[in-house]
**Q** 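This is the structure, below, for whatever I ask next.
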Amino acid sequence: MKITVHIPDDIVAEVKDQLPPPEMGVLEAIALDAILGFIDRLKSPPSGGTDA
């Protein structure tokens, strides 16, 4: 499976000077970590409580 993450240009434009070079793969690593964390939460049984 291939997952493509699109970040709107207007969001990136605000911080583009602070981002590492694309060849470092940092944004890909962050996106992958976030996606894997989300998938892990989906696998976990519901806690039964509320997150208030």
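Just so we're clear, the structure is a prediction, and the values are computed from it rather than from any experiment. Any value given below was found using the heavy atoms of this structure, including those in side chains, with hydrogens, waters and symmetry copies removed.
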**Q** If you round to the nearest 0.5 Å, how far is CG of Leu19 from CE of Met24?
**A**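 So the gap between those two atoms works out to 11.0 Å.
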**Q** Nearest 0.5 Å, what's the CD1-NE2 distance between Ile11 and His6?
**A**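 Ile11 CD1 to His6 NE2: 13.5 Å, rounded to 0.5 Å.
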**Q** Taking atom CG as the centre, does Asp10 end up with more than 12 heavy-atom neighbours from other residues, nucleotides or ligands that are less than 6.0 angstrom away?
**A**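 Enclosed: over 12 neighbouring heavy atoms sit under 6.0 Å from CG of Asp10.
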**Q** Tell me whether Leu36 is reachable from Leu27 by hopping between hydrophobic residues (I, L, V, M, F, W, Y) whose side-chain heavy atoms are closer than 4.5 Å.
**A**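 In one cluster: no.
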**Q** Less than 4.5 Å apart, any side-chain heavy atom of Val5 and any of Leu32?
**A**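 When only atoms from C-beta onward are counted, Leu32 and Val5 do not touch, as no gap falls below 4.5 Å.
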**Q** Atom CG of Asp33 and atom CG of Asp40: how far apart are they, to the nearest 0.5 Å?
**A**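 Result: 10.5 Å between the selected atoms.
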**Q** Tell me whether Leu42 shares a hydrophobic cluster with Ile3, the cluster being built from Ile, Leu, Val, Met, Phe, Trp, Tyr side chains joined at under 4.5 Å.
**A**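 Leu42 does not cluster with Ile3.
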